[in-house]
Amino acid sequence: MHEPSGNGIPLLEIRDLSKTYFIGQGLFREPVELNAVSGVSLRLDKGQTLGIVGESGCGKSTLSRMLAGTTGATSGRILLEGQDVTNLPERQRNKALQHVQMVFQSPYSSLNPRMRIADIVREPLDVHRRDLSAKQRGERALEMLERVGIGKEMAQRMPHQLSGGQQQRVGIARALISDVRLVICDEPVSALDVSVQAQVINLLRELQTSLQVSYVFVSHDLAVVANISDLIAVMYLGKVVEYGRAQDVLQSPRHPYTQALVDSANVPDPALEKSRTPRILKGEIPKPTDPPSGCRFRTRCWMAQERCAIEQPELKQRDGSPQSVACHFV
Amino acid sequence: MTVGVTLPPPTPTLRVEDLNVSFRSRAGHVDIVRGVSFDIAKGEVFAIIGESGSGKSTAAQAIMGLLPDHARVSGGLLLGGEDIAHISARARRRLLGQRISFISQDALSALNPCTTVGYQIAEVMMVHRGTPRRQAMERAVELLALTGISAPEERVNHYPHQFSGGMRQRALIAMALALEPELLIADEPTTALDATIKAQILELLSSLRARFGMSVLLITHDMGAVARLADRLLVMYAGKAAEVGQATDVFAAPQHPYTRALLRSMPRLDRPGEALVSIPGSPPVPSNPVAGCAFHPRCEQMGEVCMRIAPEEALLRDGHRVACHFASREPTDA
Ligand SMILES: Nc1ncnc2c1ncn2[C@@H]1O[C@H](COP(=O)(O)OP(=O)(O)OP(=O)(O)O)[C@@H](O)[C@H]1O
Ligand SMILES: Nc1ncnc2c1ncn2[C@@H]1O[C@H](COP(=O)(O)OP(=O)(O)OP(=O)(O)O)[C@@H](O)[C@H]1O
Ligand SMILES: [Mg+2]
Ligand SMILES: [Mg+2]
């Protein structure tokens, strides 16, 4: 069963969340609507990781930004420990979301280039923990840096004097220093070499165990997502098409899109990989401004039938599948 | 194999000879690329992988002549046999624009935020080829479609911030392919792409090399992409080539301890939840170079000689070169 085990209030609950952008078409034409995220419902428990995968442009970053409160939602609800935090006015938002932090793909551009490492990590405490003295805040920053493997001598450096992997660890130290409960990671390891990537992932897992934080983890690398996630949501064109325990979704994918995704993942072995023909998705790629009727994947699906154009498949458990799947034919 | 006459080897599309790059800093010159040499044949995909900060992007920028003024570059660069290292900066820019395309690692900020994506792609053809605007815009739509962007005829009129990360990366790929280059230098071109789109892009590059003999220099951390596309690869560590060889040979039997450790760090889809192995110790800092072999403080088979003497690249076989004192040296096939 993929439903969170705790029967109390989940750490994060998303209900029917949507985001529509309006794209201008020039002076005298009506802007068109683009549904970047459409009717997404998910939940995540304390100390767990929800991996989000899906096609480029399917709405993962938009969803992440809504969860972090930097983009407003068009409709739906975000509940954090039972409290509604959707579209709060700025002052209330800062307070309500003080336990939510973000880690980005590009570590360098998310660190202030004119600040020292130690000050960058201390900054969230300066905002949220005015009860501590300046000295205490500085000490905590150094402790946190030590925990992510950055020693005192490096704490006085500027961001450009660190390698990509070290910068990403600084980003993580900063995200985890104030009493954080949810960290939204949008492709946090895509820019790192596999050895540094391994260090960062091990670090995230270790901090999760000791601090009981939850992660929403967006990545295109299925092996990375498989490694860190408890639950996985697969998105296609703004909707969740498959959702369940990581091993169920990745080891026995049920939705045709998930199957194609898992099948196209490259195997890191040239002898095997060069002789393999992954299934390349054919068919018309739908416009997000004018999504297909019924099932959004049907224009590229090899199983599509008439019914798919008429009836939108519901995301639910089907025929003994442990995960939820939005497909009529599972 | 015995052949009656020995043909002269064909001229490589790109030859890089003993490339060195250092940056001037307050503490003097810091060496970032230290004597890297390789050839890329026509129609070949050559990959560079290796440690973050080992100088991969710096090497690519040196080839493109894009480094800032405080960089010092030396070494030979031949494009189709023609010297491009010692010509005027202007002649070089023109030549490179016409014959080599470059996709920079910083793809997400490489687009101009104030112009539509379509116009930026078209502009490349208008400037370098004198293509009329209408035709160039039509071609931009085709190129976006080729990279798997839906509704390309609408998307050409969008601004970069209206694109997702992976869509911006594909727009840059479209731009790089607009001039049908002899050589494509792609620095991390697929980091922001999901598996299905990535498969499609790799397929596209593979067909361009098969049909038009385009050569590709692929810089990446993505071992899956290397496995799929690369014919040969170079593993960089601390500014030097640790190992060069056929992709199949290097993956099947890595000879340098760094390559072995790197390949071991890969997460595997079939072993979820397993703690990952990373290389102990920390990567070298260029301003504080390590004596002897740069990898020795982190190496599992370090010997006394490694602390004193930097190993030379030694040829094993089939062009497989390794810079390690302990690489199993086999006689080279004559
Ligand atoms: N500020 C914006 N204005 C208009 N459209 C936008 C904006 N931001 C995103 N979009 C559109 O919303 C959709 C979802 O984009 P989003 O960035 O969330 O995708 P993503 O899943 O993160 O993709 P990627 O994997 O490529 O990063 C895309 O069609 C994109 O063009
Ligand atoms: N303009 C510059 N001035 C000074 N030092 C620089 C400059 N550009 C890069 N460096 C340094 O050169 C080294 C190599 O950087 P480079 O970007 O080439 O690494 P890379 O191998 O591409 O790494 P990654 O895999 O993280 O992209 C780094 O230590 C970096 O700090
Ligand atoms: Mg994104
Ligand atoms: Mg680089």
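Numbered from 1 within each chain, the chains take letters A, B, ... in sequence-line order.
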Residue selection (most heavy-atom pairs with chain A, distance under 4.5 Å) from [options]:
| options | answer |
| --- | --- |
| B/P272, B/A199, B/S150 | B/S150 |
| B/Q200, B/E154, B/E203, B/M167 | B/E154 |
| B/I279, B/L202, B/L263, B/T220 | B/I279 |
| B/I197, B/I49, B/T191, B/L193 | B/L193 |
| B/A230, B/A261, B/A145, B/P286 | B/A230 |
| B/V277, B/V226, B/L276 | B/L276 |

- prompt: What do the steps show when you test A/H255 against A/Y236 for ring pair (Phe, Tyr, Trp, His ring centres under 6.0 Å), and what is the final call?
  reply: CA-CA 11 Å; A/H255 193 281; A/Y236 184 82; 7.7 Å; no
- prompt: Is there any residue in residues 267-274 of chain A with a non-hydrogen atom under 4.5 Å from a non-hydrogen atom of chain B, and which ones are they?
  reply: A/V267, A/P268, A/D269, A/P270, A/A271, A/E273, A/K274
Sort out for me which of [options] touches chain B most, counting heavy-atom pairs under 4.5 Å.
| options | value |
| --- | --- |
| A/V224, A/L192, A/V53 | A/L192 |
| A/P286, A/A198, A/S195, A/G57 | A/S195 |
| A/Q166, A/R205, A/Q197, A/Q247 | A/R205 |
| A/V32, A/I23, A/T62, A/I228 | A/I23 |

query: If contact means a heavy atom pair closer than 4.5 Å, which residues of residues 234-244 of chain B contact chain A?
result: none
How many angstroms lie between atom [atom1] of [X] and atom [atom2] of [Y], to the nearest 0.5 angstrom?
| X | Y | atom1 | atom2 | value |
| --- | --- | --- | --- | --- |
| A/D221 | B/M223 | CG | CE | 11.5 Å |
| A/I117 | A/R169 | CD1 | CZ | 12.0 Å |
| B/F295 | B/E300 | CZ | CD | 7.5 Å |
| B/R168 | B/F163 | CZ | CZ | 9.5 Å |

Return the minimal non-hydrogen interatomic distance between [X] and [Y], and the atom names on each side.
| X | Y | value |
| --- | --- | --- |
| A/L222 | A/V262 | CD1-CA, 3.8 Å |
| B/V33 | B/A59 | CG2-N, 4.0 Å |
| A/F217 | A/P188 | CE1-CG, 3.5 Å |
| A/P288 | B/R155 | CG-NH2, 3.2 Å |

Looking at [X] and [Y], does any basic side-chain N land under 4.0 Å from a carboxylate oxygen?
| X | Y | answer |
| --- | --- | --- |
| A/K60 | A/E55 | no |
| A/R245 | A/D248 | yes |
| B/R209 | B/D231 | yes |

field: Heavy-atom check, side chain of A/P256 versus side chain of A/F297, under 4.5 Å
entry: yes
query: Side chain of A/S264, backbone of A/A260: donor and acceptor closer than 3.5 Å?
result: yes
Heavy-atom proximity to chain B below 4.5 Å, by part of [X]:
| X | value |
| --- | --- |
| A/R276 | both |
| A/T289 | side chain |
| A/E187 | side chain |
| A/L261 | both |
| A/I201 | side chain |
| A/Y21 | neither |

message: Can you list everything that forms a side-chain contact (heavy atoms from CB on, under 4.5 Å) with A/K239? Sequence neighbours excluded, please.
response: A/S38, A/R296, A/Q312
Side-chain H-bond candidate by donor/acceptor type, B/R228 with B/S206, under 3.5 Å: no
- prompt: Using a distance-only test with no angle check, is there a side-chain donor-acceptor pair under 3.5 angstrom linking B/R260 and B/Q255?
  reply: no
query: Does any heavy atom of chain A fall under 4.5 Å from the side chain of B/E51, the backbone, both, or neither of them?
result: both
- line: With sequence neighbours left out, the residues meeting side-chain hydrogen bond (donor to acceptor under 3.5 Å, both in side chains) with A/D186 are A/S61
